[in-house]
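Only one structure is covered here, and it is reproduced in the block below.
As the structure is a computational prediction, the values presented were derived from the model and not from experiment. Every chain is numbered from 1 and lettered A, B, ... according to where its sequence line falls, protein lines coming before strand lines.
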Amino acid sequence: MMLNKTKRLIVIAGPTAIGKTEFAIKLAQHLQTEIISADSRQFFKELNIGTAKPSARELSVIKHHFVGSHSIHDYYNVAQFEIDVLSLLDVLFEKHNQVIMVGGSGLYIDAVCNGIDELPDVDEKLRQELNKIYEDEGIATIQQKLKTLDPEFYDTIDRSNPKRIIRALEVCLATGQKYSEQRSNAKKERPFEIIKIGLNIDREQLYQRINERVDQMVKDGLTEEAKELFEFKQLNALNTVGYKEIFDHFSGNIKLEKAIEKIKTNSRRYAKRQLTWFRKNDNYQWFNPNEIEKVIALVNRS
RNA sequence: GGUACCAUAGCUCAGUUGGUAGAGCAACGGACUGAAAAUCCGUGUGUCCCUGGUUCAAAUCCAGGUGGUACCA
């Protein structure tokens with residue numbers, strides 16, 4: 001990519017149901033540009049209602065990238081997203097000075113803005129084996145393995161999080177080197193400017209929006225969509241708020257009303273985690289979603 | 001109007017013979033570089049309805065009040 005700081009990526013982030021899609025489209029219309037989605041579930045073409053994808057009409061107004069771009073049967077991850085977005089930006093910056101990236105997946109946004117270490121791909125079977133060991137023998141076994149293979153990382157990691165441990169182990173085992181030694185944590189410089197807009201409102205209002213949106217999803221046919229996907233429920237892409245709760249209902253564990261309540265609760269908790277993620281990054285300038293004019297002024301001025 | 005029962009965290013409730021409270025859910029805070037809408041860690045947030053009485057000491061016992069529920073009128 002050519003170094004050109006006259007090009008700018010405008011990141012729009014915020015909790016689920018805050019109104020990011022609508023906000024981004026308005027801004028994109030004003031700037032006559034395109035939108036990159038940074039949403040780890042809207043990638044999947046099979047997931048529609050439950051992921052609150054932009055509508056067909058919205059998609060026809062502004063060109064969106066990474067919405068429905070992959071299948072739930074594909075393996076996709078953050079590192080690939082970084083690569084894909086950077087090469088897409090190369091193309092988009094030929095036509096546009098400013099491009100918008102909108103989404104709620106903090107890690108994915110971070111990978112685009114700051115980069116992620118380049119580590120070799122790991123054979124899927126290795127992860128499956130480690131998961132099997134964890135399931136059969138418990139967390140203590142994998143903790144001990146990590147302590148042996150990478151004591152430095154073991155000392156700093158959240159040891160009760162099996163996914164962290166298994167990730168570290170699979171890298172150690174696949175590469176023969178310590179995970180901690182392969183991680184640089186270096187921030188990559190980008191050949192374009194980045195400005196970050198955070199959207200937020202009162203917690204109470206946000207929760208009301210979440211609850212109402214879930215009810216609307218149900219009216220729009222979320223249960224039917226989930227029914228079509230039930231046979232794939234073991235796929236990671238379907239370990240997702242809005243689907244997993246309804247699968248639990250289909251499996252006979254809970255009533256539908258209970259499942260819907262749990263979708264609301266889990267969405268609220270997700271929103272909270274998103275805010276935690278974005279708050280720790282003090283580069284965000286925060287706005288109410290109705291303050292589009294202020295944001296337009298901001299991007300015009302600088 | 002009468003009788004009975006109830007009133008404790010946001011909700012549902014527990015609280016023994018009086019020693020200023022606890023559970024589930026909800027909520028709140030945080031971590032997080034290839035599963036991230038995932039995964040993990042942490043935190044009781046209280047006018048014990050009100051007023052008075054008994055007592056060294058009252059969520060607990062007594063009286064009155066207020067509110068609620070049920071039944072009887």
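Nucleic acid contact class of A:Y108 (heavy atoms, under 4.0 Å, all strands): sugar-phosphate only. If you check every strand for non-hydrogen atoms under 4.0 Å, A:F81 touches nothing. Among the heavy atoms of the strands lying under 4.0 Å from A:D39 is at least one base atom, whether or not backbone atoms are also near. Within 4.0 Å of A:A186, counting heavy atoms only, lies at least one base atom of the nucleic acid. Within 4.0 Å (heavy atoms only), A:S105 reaches sugar-phosphate atoms of the nucleic acid but no base atom. At the heavy-atom level, A:E261 lies nowhere under 4.0 Å from the strands shown. In this structure, A:Y207 reaches the sugar-phosphate backbone alone: every heavy-atom distance under 4.0 Å involves primed, P, OP1 or OP2 atoms, never a base. Residue A:D158 is classed as a base contact, given a heavy-atom separation below 4.0 Å to a base. Residue A:Y179 is classed as a sugar-phosphate contact, given heavy-atom separations below 4.0 Å to backbone atoms only. A:G50 comes within 4.0 angstrom of a nucleotide base, judged by non-hydrogen atoms across all strands.
Under the Watson-Crick or G-U wobble criterion, with both distances below 3.5 Å, B:C40 is paired with B:G30. With both pairing distances under 3.5 Å, B:A57 is matched to nothing as a Watson-Crick or G-U wobble pair.
Ring centroid separation for the pair A:F43 and A:Y108 comes in under the 6.0 Å cut-off.
Distances were taken from every side-chain heavy atom of A:K163 (C-beta onward) to each of B:G34, B:A38, B:A36; the shortest belongs to B:A38. Taking the side chain of A:K272 as heavy atoms from C-beta on, and the options B:C28, B:G34, B:G30, the nearest nucleotide is B:C28. If you check B:U39, B:A38, B:U33 against the side chain of A:D117, the one that comes closest is B:U33. Side chain of A:R279, nearest nucleotide from B:G30, B:A26, B:U33: B:G30. When the nucleotides B:G34, B:C32, B:G30 are ranked by their closest atom to the side chain of A:R273, B:G30 comes out on top. Residue A:I116 places its side chain closer to B:G34 than to any other of B:A38, B:C40, B:G34. Here the side chain of A:R268 is nearest to one of B:G34, B:C32, B:A27, namely B:A27. For A:R203, the side-chain atoms get nearest to B:C28 when compared with the rest of B:A26, B:U33, B:C28.
With rounding to whole Å, A:I139 atom CD1 is found 12 Å from B:C41 atom C1'. Atom CG of A:N266 and atom C1' of B:A36 are 15 Å apart (whole Å). A:K258 has its NZ atom 15 Å from the P atom of B:G24, to the nearest Å. When rounded to the nearest whole Å, the span between CG of A:N185 and P of B:G34 equals 11 Å.
The aromatic rings of A:Y76 and A:H70 lie tilted to each other, with the angle between the two planes from 30° to 60°.
Syn is the conformation of B:G34, whose glycosidic angle sits no further than 90° from 0.
Electrostatic pairing of A:K188 and A:E118 counts as a salt bridge here, judged by a charged N lying under 4.0 Å from a carboxylate O.
Of the residues near RNA chain B, A:T51 and A:P162, the one whose nearest nucleotide (by heavy atom distance) lies more toward the 5' end is A:T51. The residue among A:D110 and A:A237 whose nearest nucleotide of RNA chain B is located toward the 5' end is A:D110.
Counting heavy-atom neighbours within 6.0 Å of A:Q216 CD, excluding the residue itself, gives a total above 12.
Donor-acceptor pairing under 3.5 Å is recorded for the side chains of A:E225 and A:Y243.
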